[in-house]
Each structure stands twice: as structure tokens, then as C-alpha cells.
Amino acid sequence: MEEKVLALLTSEFPDIDFTASDALVDDGILDSLTITGIIAALSMEFNITIPYEEIIEENFNSVAGLARMVQKLSNV
Amino acid sequence: MAFTELSFFVFAACLVLFYYLLPAKMQWIVLLTGSVIFYVSYGAEKLPFLLAAAGIAWWAALRMEKIRPDGPESRALARKKQKKVLLGAGALLVLLLLYAKVGTWVIQSFAALLRLDADSVPQAILALGVSYYTFSMLGYLADVYYGKEKAETNFLRFLLFAIYFPKILQGPISRHKFLAPQLKETHRFCYEAFCFGFQLMLWGYFKKLVIADRLAMLVNYVFDNVETQTGAHLLMAACFSAVQLYCDFSGCMDIAGGFSQILGLKLEPNFNHPFFSRSAAEFWRRWHITLGTWFKDYVYMPLAISPRVIRISKKVRETCGARAGKAVMTVLPLSVVWVLTGLWHSTEWNYVVWGVYWGTLIICANVFAPELKKLTGFLHINTKTESWKIFQMVRTFFLFVVGRILTVPGTLHGSAEVFKKIFFDFQPGSLFDGSVYSLELDRANFHLALVCIFVLWAVSMLQEKKPVRQRLAESNVVFRWAAWYALLFSIVIFGVYGPEFSAAAFVYMNF
């Protein structure tokens, strides 16, 4: 799942190095516009709905966190 | 009892004494009592609105928490019930806000319909700080609904969060989860916090009384007499009005933040040197930060990630390409956010246009970022140089000045007159022929204002690298005391106050 998510994000946001940090939000690498773009990309690709409750730093700080969230929401 | 009145200093001193001399477990009661006294000093008739809003938010949050699903099938039902409570309480709070914003207009419109004498019709009561406390409470309700916050069980504790007086007039728009835990803790007197807090208050008074209120004299005079001014005078006044607003608003935040620090409390920062911003988007991340964060968290995010917007984005993506699909995600929610930001300030048309203006700038910068990058490459602009960064900062400042011209004259017609004068009757010579000294500020006061703006700029530059209070605390004792005495005496000597002046009301109190 992690590879799939990373491949998608790299193709959608080629200017961002998603592997550069484990604190993508805290380090200011992801702003709110990028986060919504990521949510849209993940929702469309994996056919999931990401609820507002899931928008927490823990889920968006790393590719691993994003992959965990996608996995969880895919199983719902 | 404004922060600039003598009565406030007496009140603040008494409050600090009671706060630290009474048993620590009484601190929150001292704060609540003090906050009610402070609020009521602006008129007891305003208090019921705040009590009603706090009552609604407190009850609704508790109600939402009590609705617990018994099993998986009842989860959806419980969520539906919680949503009903959220929407109902939210609607009541928004109604209260609307009453404060357009109540007088509605009453007068009805009076006109019924052909009543306009003077005999009562005006809507201006519920002081309503824009700030309703937003704080709406945020609290949303956080409880989304499970990001626990509901407060004690109404008086919740009331203290709502009415805590340093932030009730102009914000910051506090988060319950940030401020409420601090209000529950007990605080011991700390000499260092007392000094730092007092110093921050001094800096706030300097910005407000020495810079903002001095500039306000010139700005008000020029914009009250647009027809007799040259374009150069109007542009200069618009630039000064930008600095005035910053010093007025951030000065108030420093006073509020400094006083809170004396009490051992911390308020959310509302400013981070906005005039050093290199883009419109960055400016709004540094200016009125808590309002921007509120709109980001409670309007932009829920809208942008709503299944409906994502569906529209997907459709556009399939028909017009990935870039257009992404643009939808930016344009739709940001348009809503900026119209609402304009309306939050005022329901007048000039503020709606002002909101659209900022929204357009931010949306265009985002959507056309690749083209702008190509353009700078085509023009061989080295974007890493200091000169380019300075150009970006100056450009952002003038974008803000344009925004000021949209709002300061009060009407769109007035703004158009100002723009007409700037573009077609500029007369640059009027800046150097001595006529600027006849715009309410004489030569000495005009030059003093310029010197103080320079001091503000220099201190802000230092603050960007390291907090100035920390720097001074680490410097030698003579220099340290000389600096603080200079600041204190500059407020006493150069501050715009006293019997022949009345310190201008804080600008953001009107919102």
C-alpha cells in the first residue's frame, strides 16, 4: 500500500519529496491546499471517502501514515 | 474600559493582586469576575447576548457527547442526532452574529416599510466582541462533534473561556482546547513572566499610542477630504493606513498577550510580521492568524474534502484534464472562504469586494503557479536573490494597500474616487513641497511618525531572528534598562493621549 500511495503522490505532486521527512505537516512541507489535493487524489484512486476526523497530523505527516489511513478506510 | 484608559490600569493592577494573593484555586473565579466587570463596563445590555451564546454552545456540546451509539447500526443514527444538535446550535450562534451585523439595518428597513420615523426606532444592541466569541464557540462545537475535543461540564468554566477579557474585544479567536486547560490550571507568580508580559504590553502601547493613533490623525483627515487631496497624498495616506491598522490591531494583541503572560497564561499568536510576507497567501498566514486558521479548519477543509466537491473535481478532471480538476479543489472552497471573510468584517459591499479581491489574488497565484514560474524563468529572474525577496515583500505590501483603499473610504464610490486620483491626478511634487505637513500632522509629528515606523521595522527585523525580549534579557543591565526606559518614556512623551486627545478606539473592535 505504501508504494502505491507514494507512486500516486509523486505523480500528482512532482515538486514535493514525500520521503524527505516524517513530519511533512509539522515541517511545513504540506500546506492546506496540498493536503486537500492529496485527499482528492487518494479518494479518486482508492475510491474512499476521507472524513474530516481523519485530517490529523498523524495521518498526513508521512507516506506510511497516509497508507495506514487509506488501508483503514478501504476496509470500512 | 479600553486598554488605553487609566481605569484599565487600575482594574488590571487590582486583578493581578487578587489573582495572586487569593488561594490559587480561586484564580479562575477572580478571572471570571474580572472579565464580567470588564465586559459590563461597555454596557450591561451586551452581557445577555454573550450569556445566551455561551449557554447554547455549552448545552449543545454536552448534548452531542451524551448521544452515544449502543451498537454499530445505531452509530449512523447517533451521528445524525449529533449533527442535528450541531446544526441547530450553530444556526442560533450565526443568527446572533447576523443580528449584531445587520440587526440595525433590518429594523430600519422594517421601519421604512411601516413608514415609521427612523429616529424613533431602536437600534440593534452591538454585542461587543460577538464576531470573536461566536467563532470561538462554533469552532468548539465542531471540535466536539468531530471528536477532537471533550465537552466542558461546568458552565461557569465555559463562560470564562468565552468571556476571558484580554481576548474578548478583538480576539484572538481562541480555541477551547488551547485556552480552557490553561484557565483550569493554577498559576504561581513568576517574576520573569511578569517582566516579559509587562514588556510586551509596553511594546503594544507603543504601537498603538505612538504610531497607530498618530497615523490615524493623518489618515482620517486625508480620507475625509479626498476631493482636496492629490493622488500622491492619498497613496501616502493609504500606505500609512496599512501601518496604522497593523500597529492598532497587533498592538492590542500585544497588550492582551502581555497581560495574559503576567497571569501565567498564553494566547494564540495573531500576527507574525505580515509585512515580511512574499505572497498574498503567506500574508494571510501571518496576519490575523487565528481568523485564517479558523476559516481553514472549519470552512475550507470540510468544503474541499466534501464528497460533492471531490465528485465535481473528478468530473472536471475526466473532461478537462488533471490540472483543471485540481483547480476546482482550490477555486470552489477558497471562493466561499474569501466571500465569508469579507462578510465577517462587514456586510457592506466594499468588504465583499475586498474579500473577492484577496480570494482572486490567492486563487490566481495558486492556479497559475506554473505559468508564473515559467515567466520568471523567461525573464531570467534569479528568484534566490535578496533583491527579488525584497521586491516580493514590497509587492505584497502594496497589494495590502490596495485592499485598504477598498475599505478605508467606506463606500465603493469613495474607493473609486481615490483610485481615480491616484491614477490621473498623482502630482508627485506634492510629497516634497511641504503640503504633507498640513495633513493634521505637523512637521515634527510627521517626522516622528516616520522615525517610529523605522523603529518598528528594525525591531521586527530583529524579532524575525530571535525574540527581542529574550535578546534584551541577555544583554548587559545598563543597556537593558535604558532600552525599556526609552520605550516607557517614548509612550509617555510621544503617545497620542491626554485631555486634548482621545485615544482612537481599536479598529478591530468594530468587527
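All values below were derived from every heavy atom in this structure, side-chain atoms included, with hydrogens, water molecules and symmetry-related copies excluded. Proteins get letters first, then strands, A, B, ... in listed order; numbering begins at 1 in each.
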Structural part of [X] lying under 4.5 Å from a heavy atom of chain B:
X       : answer
A:Leu33 : both
A:Ser32 : both
A:Thr36 : both

Flag the pair [X] and [Y] as a salt bridge only when some basic side-chain nitrogen lies within less than 4.0 angstrom of an acidic carboxylate oxygen.
X        : Y        : result
B:Arg323 : B:Glu371 : yes
B:Lys148 : B:Asp297 : no
B:Lys389 : B:Glu282 : no
A:Glu58  : A:Lys72  : no

Heavy-atom contact with chain A under 4.5 Å, split by part of [X]:
X        : answer
B:Tyr300 : side chain
B:Arg311 : neither
B:Pro302 : both

>> Please verify the inter-ring angle class for B:Phe275 with B:Trp287; under 30° counts as parallel, over 60° as perpendicular, anything in between as tilted.
In response: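 Correct class here is tilted.
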> Which residues, numbered in order, of residues 358-366 of chain B come under 4.5 angstrom of chain A by heavy-atom distance?
Replying inline: B:Asn366
> Just checking, is any N or O donor in the side chain of B:Gln392 or B:Ser279 under 3.5 Å from an acceptor N or O on the other one?
Replying inline: no
> Would a line drawn from the ring center of B:Trp294 to the ring center of B:Trp344 be shorter than 6.0 Å?
Replying inline: no
>> Is it the case that the ring center of B:Phe135 lies less than 6.0 angstrom away from the ring center of B:Phe295?
In response: yes
> Got B:Leu340 and B:Val337 here, is their nearest side-chain heavy-atom distance under 4.5 Å?
Replying inline: no
> With chain A, which of B:Leu334, B:Ile310, B:Thr330 has the greatest number of heavy-atom pairs at distances under 4.5 Å?
Replying inline: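 Sorted descending by pairs with chain A, the first entry is B:Ile310.
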